[in-house]
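Below, chain A is the first sequence line, B the second, and so on; all start at residue 1.
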Amino acid sequence: MADINDNPYLAHMHDSSSNGSSTGANKAFSQLVPGQTTAAQQEAVEDSSHNGLTGAAYSSRYKSILAKRRDLPVNKQRQGFLDLVHNNQFVVLVGETGSGKTTQIPQYMVYDLLPQVEGKMIACTQPRRVAAMSVAQRVSEEMDVKLGQEVGYSIRFEDCTSSKTVLKYCTDGMLLREAMSDNMLSRYSAIILDEAHERTLNTDILMSLMKTIALKRKDIKIVVMSATLDSEKFQKYFYDAPLLTVPGRTFPVEVYYTPEPERDYLEAAIKTALQIHATEPEGDILVFLTGEEEIEEACRLLSARGDELIRRANCGPLLIVPLYSTLPPNMQQRIFHKAPEPRTPGGAPGRKIVVSTNVAETSLTIDGIVYVIDPGFSKQKVYNPRVRVESLLVSPISRAAAQQRAGRAGRTRPGKCFRLYTEKSYNNDLIEQTYPEILRSNLGSIVLQLKKLGVNDLVHLDLMDPCAPEVLMRALELLHYLGALDDDANLTPIGHMISDFPIDPQLAKMIISAADYGCTNEVLSIAAMLSVPNVFLRPREAQRRADQAKAEFAHMDGDHLTLLNVYHAYKGCTQPDKWCWDNYLQYRSLKSADSIREQLRRVAAKCDIPLVSNNFSSPDYYPNIRRALTAGYFMQVAHLERGGQYLTIKDNQLVLLHPSSVLERKPEWVVYNEFVLTKRHYIRTVSEVRPEWLLEIAPHYYDLSSFPPCEGKRVLEKLALRNAVVGDKKPKKDRSEKKEKKRKSDKEKDKDKDKSDRKKRDKKDKKDKKHSSD
DNA sequence: GAGCACTGC
């Protein structure tokens with residue numbers, strides 16, 4: 001291998017390590033019997049002078065918080081909850097906003113199961129990291145312990161727990177990862193799944209997993225908590241589990257509908273907002289729109305027309321604030337600013353208008369909102385398994401989402417919600433619930449995780465909403481081509497490794513293959529850069545300057561190597577935030593790429609993947625990186641046809657290079673990272689590849705007999721023919737090719753073997769699919 | 001010659 005000093009991409013590399021351990025004596029809650037406590041007993045322990053977990057005297061703050069906790073709606077049902085938990089393995093709990101379920105229920109479980117005595121922890125999952133962190137912080141205060149000791153949290157990049165931890169808040173993805181190495185979750189005596197109504201991919205998988213675990217572990221308790229009244233579905237799914245309903249603590253919200261459908265919801269939203277400002281009493285406004293562009297447009301119009309209103313109608317001043325996730329953090333902070341003061345003392349009050357995407361629906365809470373304007377749309381992810389493309393579509397929201405939006409008006413006092421659609425439309429056109437994510441996603445990564453979790457029969461996988469068989473087939477097909485699954489759909493050694501990486505399977509395959517080409521260091525950086533939101537900024541007012549800045553990083557072989565250049569330059573600069581600003585780069589994305597790279601590096605090291613680089617001056621330095629790309633993304637290749645347009649391989653989709661690509665010269669063969677479906681079909685993040693690599697690296701996929709006719713096929717055929725003629729003279733073949741060859745010949749042999757029914761069915765499905773995609 | 005709802009490991 002090369003001298004590391006030759007390679008500018010490695011200048012940043014350094015090791016890091018962390019360690020921490022501590023022990024402490026616990027005093028048992030001597031009068032309590034695990035799994036048989038009463039509310040009165042629990043309260044007596046809480047009321048005593050000393051903390052049973054730490055042995056220390058309770059602080060005065062503890063006592064004042066305790067009084068407030070006793071006042072929460074959920075506390076009135078403490079005994080009822082304990083009765084249900086004692087007599088059932090599964091309990092479903094529906095609690096609206098303000099019920100206190102997220103903070104209190106896990107504590108009741110601690111007092112009931114006494115994890116400090118029994119040696120098994122209690123986990124409470126959250127869909128989002130911030131929630132896991134902030135709730136753990138709050139609960140550690142309520143229990144009068146130091147965060148990270150008895151009460152902690154565990155999220156990606158941060159494990160804030162210790163050997164003393166008895167209650168752990170974590171993201172559902174984190175618990176799922178843990179289950180991959182401990183299939184029975186044997187460290188836990190209870191799992192509490194919070195926000196289950198959101199039906200995120202990870203929650204759905206966890207729920208299914210909990211059913212399997214519960215069958216084999218009669219000692220584990222499972223509480224599923226949700227905020228909606230859609231409880232019957234949850235009860236039924238969990239073997240007719242009992243239900244506990246806890247009222248919330250919010251203010252009433254009056255809902256208004258438009259008498260006629262609105263033709264232009266953007267215009268209607270702006271009009272409504274200004275009308276509220278002119279006629280309604282003090283209180284801030286929250287407007288829900290679908291995306292960045294729409295929001296910026298609305299803010300421009302609002303501020304122009306607002307100014308006019310202020311001049312002509314003597315209204316109060318306006319503070320107009322856009323809100324979407326890619327907005328820089330300092331701009332996001334503006335949502336917490338106070339509404340402006342009247343222009344003159346005693347004049348018309350000022351008002352804040354927040355124009356937001358869905359972030360304000362669940363992730364972010366803005367205090368002081370009294371009026372909500374809901375046009376009834378949001379951008380939603382949809383997955384089309386036929387073309388294997390996930391895309392974002394503006395779609396009508398569900399009734400549940402509409403209720404959630406309306407609820408945002410009643411957090412501090414009674415509010416009003418203006419729906420820009422008719423009541424009839426609300427009742428007849430909107431669906432009850434948003435389709436769960438699992439029905440709208442590519443499942444490649446999920447199927448692999450399930451395999452790792454020990455789920456072998458995916459067809460009969462017990463999900464709350466079973467996914468479409470075609471989506472499963474697509475996932476199995478992808479994993480099979482990547483070499484992650486064998487012909488019996490069992491995990492291969494490579495599959496085990498891929499599943500250890502918390503990224504798309506193609507990306508993981510790319511990293512693993514990079515070892516064959518001596519360039520794991522570089523490919524790790526590229527994989528990290530591909531795992532974060534777009535790093536290139538292009539503000540409307542500085543597009544040319546932004547493009548020039550980007551051109552400085554451009555690599556002639558394509559966008560992947562351009563990303564490598566950016567990452568390297570980022571690591572080499574002294575003032576990263578300023579440097580990013582000067583170069584029109586998203587600092588947040590680069591920082592996050594850096595953490596992800598470190599995580600991937602650790603996983604790679606754990607898998608014994610050598611961390612290596614080629615000699616930087618070698619002519620093969622860059623081609624080898626692109627070979628590794630090909631090893632992961634050989635299924636996402638496009639060929640330039642004579643008409644000057646690209647056709648994707650096998651699917652024969654007409655696509656264009658995305659205008660953001662640095663590739664101006666249209667190479668004949670390209671791999672792409674992403675298929676973007678908007679007004680046109682684009683391929684984004686694209687690099688040139690050699691056709692002979694395709695045949696070498698993925699001969700099982702580039703089996704030309706199964707190819708639909710196209711120009712690209714003819715090129716490959718000629719190439720294959722030539723290879724066959726000169727084949728014997730070519731002594732050196734790379735390792736991965738040999739491996740693939742062997743796999744393929746095994747596959748041929750396998751065809752003659754006796755097969756199980758399921759396997760036959762799988763094969764048949766595959767064949768059918770091939771026909772349909774022709 | 002264009003877009004990027006939102007999470008998460």
Side-chain angles (χ1 to χ4, degrees), chain A residues 125-132 154-159 170-181 195 198-206 288-297 323-327 356-364 377-382 390-395 397 401 404 434 436-437 440-441 445-446 448-449 452-453 498-505 507-508 531-540 543-544 546-547 586 588-589 592 595-596 599-600 602-603 656-664 674 676-685:
Chain A
T125 68
Q126 298 290 321
R128 282 169 293 280
R129 294 204 292 236
V130 248
S154 171
I155 58 177
R156 189 183 193 181
F157 306 128
E158 201 181 348
D159 180 12
C170 61
T171 49
D172 39 21
M174 201 69 203
L175 192 64
L176 213 46
R177 277 280 144 187
E178 225 183 295
M180 285 168 66
S181 53
E195 314 287 4
E198 286 191 25
R199 302 293 307 279
T200 65
L201 212 44
N202 287 336
T203 308
D204 268 19
I205 303 296
L206 264 184
F288 284 103
L289 291 177
T290 63
E292 174 177 343
E293 207 178 288
E294 205 176 76
I295 287 169
E296 294 293 352
E297 172 78 1
L323 176 64
Y324 41 87
S325 74
T326 49
L327 202 65
S356 170
T357 61
N358 281 3
V359 239
E361 207 176 286
T362 44
S363 308
L364 268 168
F377 293 95
S378 69
K379 274 192 191 169
Q380 286 167 28
K381 186 172 72 181
V382 284
E390 279 182 351
S391 51
L392 286 171
L393 265 185
V394 174
S395 329
I397 61 170
Q404 175 75 19
T434 312
E437 207 185 349
R440 301 182 279 123
S441 307
S445 186
I446 287 293
L448 195 65
Q449 281 186 47
K452 185 86 176 182
L453 288 165
I498 293 179
S499 73
D500 280 339
F501 284 91
I503 46 173
D504 280 346
L507 278 180
S531 306
V532 297
N534 189 11
V535 294
F536 297 107
L537 292 172
R538 201 163 183 262
R540 183 188 285 262
Q543 297 187 342
R544 274 197 40 206
D547 290 346
Q586 183 94 39
R588 246 193 309 177
S589 296
S592 136
S595 323
I596 291 176
Q599 188 187 25
L600 299 179
R602 261 182 280 136
V603 176
L656 301 169
L657 278 187
H658 195 274
S660 66
S661 177
V662 299
L663 283 176
E664 280 165 1
E674 208 183 350
V676 188
L677 197 65
T678 50
K679 282 171 205 150
R680 293 167 168 174
H681 293 174
Y682 290 106
I683 47 177
R684 188 159 54 194
T685 316

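Of the candidate nucleotides dA5(B), dG1(B), dC9(B), dC9(B) has the atom nearest to the side chain of Pro502(A). Among dC9(B), dC4(B), dA2(B), the nucleotide with an atom closest to any side-chain atom of Thr326(A) is dC4(B). Across dT7(B), dA5(B), dC9(B), the shortest atom-to-atom separation from the side chain of Met174(A) is found for dC9(B). Listed nucleotides dC6(B), dG8(B), dA5(B) differ in distance to Glu292(A); the shortest reach to its side chain belongs to dA5(B). Between dG1(B), dC9(B), dC4(B), one nucleotide has an atom nearer to the side chain of Val676(A) than all others, and that is dC4(B). Listed nucleotides dA2(B), dA5(B), dC9(B) differ in distance to Asn358(A); the shortest reach to its side chain belongs to dA5(B). Among the nucleotides dC6(B), dC9(B), dA2(B), the one closest to any side-chain atom of Arg156(A) is dC9(B).
OP1 and OP2 of dG8(B) both lie 4.0 Å or more from every side-chain N or O belonging to Arg177(A). Proximity of Ser325(A) to the phosphate of dC6(B): a side-chain N or O atom is located under 4.0 Å from OP1 or OP2. Using a 4.0 Å cut-off, some side-chain N or O of Thr357(A) falls inside it from OP1 or OP2 of dC6(B). For dG3(B), the OP1/OP2 oxygens have no side-chain nitrogen or oxygen of Arg684(A) closer than 4.0 Å.
Ion pairing of Glu198(A) with Arg128(A) is present here, as a side-chain N (NZ or NE/NH1/NH2) and a carboxylate O approach within less than 4.0 Å.
No engagement by Gln380(A) is indicated, since no non-hydrogen atom pair under 4.0 Å with the nucleic acid exists. Counting any heavy atom pair closer than 4.0 Å across all strands shown, Thr200(A) reaches no nucleic acid atom. The residue Arg538(A) sits close to a base: some heavy atom pair falls under 4.0 Å. Among the heavy atoms of the strands, none lies under 4.0 Å from Ser378(A). At the heavy-atom level, Arg128(A) lies under 4.0 Å from the strands shown only through sugar-phosphate atoms. Here Leu176(A) lies out of heavy-atom contact (under 4.0 Å) with every strand. Heavy atoms of Tyr682(A) sit under 4.0 angstrom from primed sugar atoms or phosphate atoms, though from no base atom.
dC4(B) atom P lies 16 Å from atom CZ of Arg588(A), rounded to whole Å. Remark: C1' of dA5(B) and CG of Asn534(A) are 16 Å apart, rounded to the nearest angstrom. At whole-Å resolution of the value, CG in Leu289(A) and P in dA5(B) are 11 Å apart. Spacing between atom CD1 of Ile155(A) and atom P of dT7(B) amounts to 13 Å, rounded to whole angstrom units. The nearest whole Å value for the distance from the CD1 atom in Ile397(A) to the P atom in dA5(B) is 16 Å. Residue Glu178(A) contributes atom CD, which lies 18 Å from atom P of dG8(B) at whole-angstrom precision. As a whole-Å value, the separation of Glu198(A) CD from dG8(B) C1' is 12 Å. The NZ atom of Lys381(A) sits 13 Å away from the P atom of dG8(B) (whole-angstrom rounding).
Summary of the strand contacts: Glu293(A) and Glu437(A) both lie near DNA chain B, and taking for each the nucleotide with the nearest heavy atom, the more 5' one is attributed to Glu293(A).
Taking 4.5 Å as the limit, every side-chain heavy atom of Phe377(A) sits out of range of all side-chain heavy atoms of Leu289(A).
Using a 3.5 Å distance cut-off with no hydrogens or angles, the side chains of Tyr324(A) and Glu294(A) do not pair a donor with an acceptor.
Within 6.0 Å of the CD atom in Glu293(A), the count of heavy atoms belonging to other residues, nucleotides or ligands does not exceed 12.
Residues Ala360(A) and Leu323(A) come closest through the heavy atom pair CB-CD2, 4.3 Å.
Here the side chain of Glu437(A) pairs a donor or acceptor atom with the backbone of Leu201(A) at under 3.5 angstrom. Put simply, the side chain of Glu674(A) never gets that close to the backbone of Arg684(A): no donor and acceptor are under 3.5 Å apart.
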